[in-house]
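Here is the structure we will look at, set down as structure tokens.
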Number of protein chains: 2
Amino acid sequence: MSRLSSVSSATRTPRPNAGTKGVARPEREAQIVEAGCRLFGERGYIGTSVADVAESAGISKPLIYNYFGSKDGLHVACVQHASGVLVSEIERTAASGTIGFARAAVTLDGMFRLLEPRPWLWRVVFDATAPREGEAQAWLAEHERRIIDFGREGVAELMHLSGNHDDLDIDAMRAAWESIFRSLVNWWLDHPGDSPEEMTQRCLRIFTTVFGELDLAGTALG
Amino acid sequence: MSRLSSVSSATRTPRPNAGTKGVARPEREAQIVEAGCRLFGERGYIGTSVADVAESAGISKPLIYNYFGSKDGLHVACVQHASGVLVSEIERTAASGTIGFARAAVTLDGMFRLLEPRPWLWRVVFDATAPREGEAQAWLAEHERRIIDFGREGVAELMHLSGNHDDLDIDAMRAAWESIFRSLVNWWLDHPGDSPEEMTQRCLRIFTTVFGELDLAGTALG
DNA sequence: AGGCTATATGACTCTTGAGTAAGTTAACCC
DNA sequence: GGGTTAACTTACTCAAGAGTCATATAGCCT
């Protein structure tokens, strides 16, 4: 009985693309996460299907489920990657020793330079379409808190300098500062004409206009 | 041949809830829009199904399609309603004759008072999960532009006073101001402890901390 | 009472996208 | 060269939700 024209019910499905391609799991995972970051960042969580990511990474959907378990699992891996990159940059500038508005400017400057080659990373983390519930996002909340804490630290410095010690005031101001930060980055992403340097200078002009002359001693800006 | 046990293929489906309930179309449309605003605002466009809205309004799904044509049509009606309410409030305070930070404070104060009884209206308009494409949203962009223009106007006043006339600087600052506005409103919606009056006072304290003493002459604040 | 129309709905279809069952293929080892 | 394992795939199931069809009911008019 020929295997190819078997009469038994065990039909054989040829899979010309199956079999290892010499790419080990960790490397393949990294490729998938990279493709996922780009798509999640550019189209949002909702606008991105697992099949899209698979195609973009050049592999098939079940491989993603083998490696990440679910769409949420893939998303968490992408958010971890992206926010790890962003947080370490924020940590770096937070440790630069600047304070007040100078610290704000240095942080923005670092972020613009970091994002220039891969702007989509930003919106992987700040994705308005990502599910707010979903226990998988509990992890995200933790990482987000690290970012928030840096913001709170900087804002608290500034407000203490001015004599305001009300914790709720500080928290509301922190929310405002974060949104300023985000909106300036978003504005820049939507206006590709500015280089990172130009955008930093623009921010400095705006700060100066609103707050008066800034003290940028100890920074490489200005 | 009994109608109830007909042998012919024309089976009869009883519909105990069909038939008019004495509610004319315009009134019913308003009820549906009200329910839609609440759900779209609280769960977002994506998190809300047409069936949810129908159930919440106490009617059935096809009636929504009769009256609004599609989910997008319903959404547009809800956004029109909500943004109409918000824009007229912004127009009112914009016409109050204040300028600079005082205008900002008056606008925030009016918005807090407006939103207190129905806070979800805000997130109907600023819904991160609403489809950005979809030609139906072209209309939304127009209404959104009216809000943006008010912001630009206020920001331009402030920046001209300080001698900055760069249009792109003004636009970036407008983006920042809008996000400050939104983040303060959002912070308030997430901290139900504050009454509108208290939140306005909080904003004034924050502004004072950051910008120094404010000139609130001609406002009912302070 | 009988017909007309606006109001209203129960029960479908169809598409999309998450997730899975059941395998197939290539490389490596002995 | 046969067995083992990791890498990889084809072809499916299943659920949710947008949108539709055909029809039913109530009130009004004459």
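Chain letters run A, B, ... following the sequence lines, proteins first and then strands; every chain starts at 1. These numbers come from a predicted model, not from an experiment.
Counting only residues at least two apart or on different chains, the ring-ring contact (aromatic ring centres under 6.0 Å, His included) pairs with a member in residues 14-69 of chain B are Phe40(B)-Tyr45(B), Phe40(B)-His75(B), Tyr45(B)-His75(B).
In this structure, the CG atom of Leu63(B) is 16 Å from the P atom of dA18(D), given to the nearest Å.
With sequence neighbours excluded, no residue satisfies side-chain hydrogen bond (donor to acceptor under 3.5 Å, both in side chains) with Ser70(B). Evaluation of the salt bridge (Lys or Arg N to Asp or Glu O under 4.0 Å) rule for Asp169(B) yields Arg202(A), Arg205(A) as partners, not counting sequence neighbours. The side-chain hydrogen bond (donor to acceptor under 3.5 Å, both in side chains) search around Glu29(B) returns Arg25(B), not counting sequence neighbours. Asp167(A) pairs by the salt bridge (Lys or Arg N to Asp or Glu O under 4.0 Å) definition with nothing, not counting sequence neighbours. Partners of Ser83(B) by side-chain hydrogen bond (donor to acceptor under 3.5 Å, both in side chains), not counting sequence neighbours, listed by chain and number: His143(B). Taking Ala128(A) as the reference, Ala128(B) meet the side-chain contact (heavy atoms from CB on, under 4.5 Å) condition, with sequence neighbours excluded.
In this structure, a donor-acceptor pair under 3.5 Å is absent between the side chains of Asn186(B) and Ser183(B).
Relative to the axis of its first five pairs, the axis of the last five pairs of the helix from dA1(C)-dT30(D) to dC30(C)-dG1(D) sits at 10°, rounded to 10 degrees.
Using a 4.0 Å cutoff on non-hydrogen atoms, no part of residues 23-32 of chain A comes near DNA chain C. Sorted by residue number, the members of residues 42-62 of chain B with any non-hydrogen atom under 4.0 Å from DNA chain C read Ile59(B), Ser60(B), Pro62(B).
Among the protein residues, Tyr67(B) comes within range of the sugar-phosphate backbone only, with heavy atoms under 4.0 Å from sugar or phosphate atoms but none that close to a base.
A 6.0 Å sphere centred on CD of Gln201(A) holds more than 12 heavy atoms belonging to other residues, nucleotides or ligands.
Val85(B) pairs with exactly one of Val125(B), Leu114(B), Leu115(B), Val124(B) by the side chain to side chain contact (heavy atoms under 4.5 Å, CB included) rule, that one being Leu114(B).
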Sugar-phosphate atoms are those with a prime plus P, OP1 and OP2; base atoms are the rest. Using that split, label each nucleotide of nucleotides 25-30 of chain D B, S or - for protein heavy atoms under 4.0 Å, 5' to 3'.
BS----

What donor-acceptor contacts under 3.5 angstrom involve side-chain atoms of residues 147-158 of chain A, with partners at least two apart or in another chain?
{"from": "Asp149(A)", "atom 1": "OD2", "to": "Arg145(A)", "atom 2": "NH1", "distance (Å)": "3.0"}
{"from": "Arg152(A)", "atom 1": "NH1", "to": "Asp171(A)", "atom 2": "OD1", "distance (Å)": "2.8"}
{"from": "Glu153(A)", "atom 1": "OE2", "to": "Arg103(A)", "atom 2": "NH1", "distance (Å)": "3.3"}
{"from": "Glu153(A)", "atom 1": "OE2", "to": "Arg103(A)", "atom 2": "NH2", "distance (Å)": "3.4"}
{"from": "Glu157(A)", "atom 1": "OE2", "to": "Arg103(A)", "atom 2": "NH1", "distance (Å)": "3.1"}

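In this structure, Asp190(A) contributes its side chain and Trp187(A) its backbone to no donor-acceptor pair below 3.5 Å.
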List the steps and the verdict of side chain to side chain contact (heavy atoms under 4.5 Å, CB included) for Leu189(A) and Arg123(A).
CA-CA 10 Å; Leu189(A) 294 177; Arg123(A) 285 174 176 151; 4.1 Å; yes

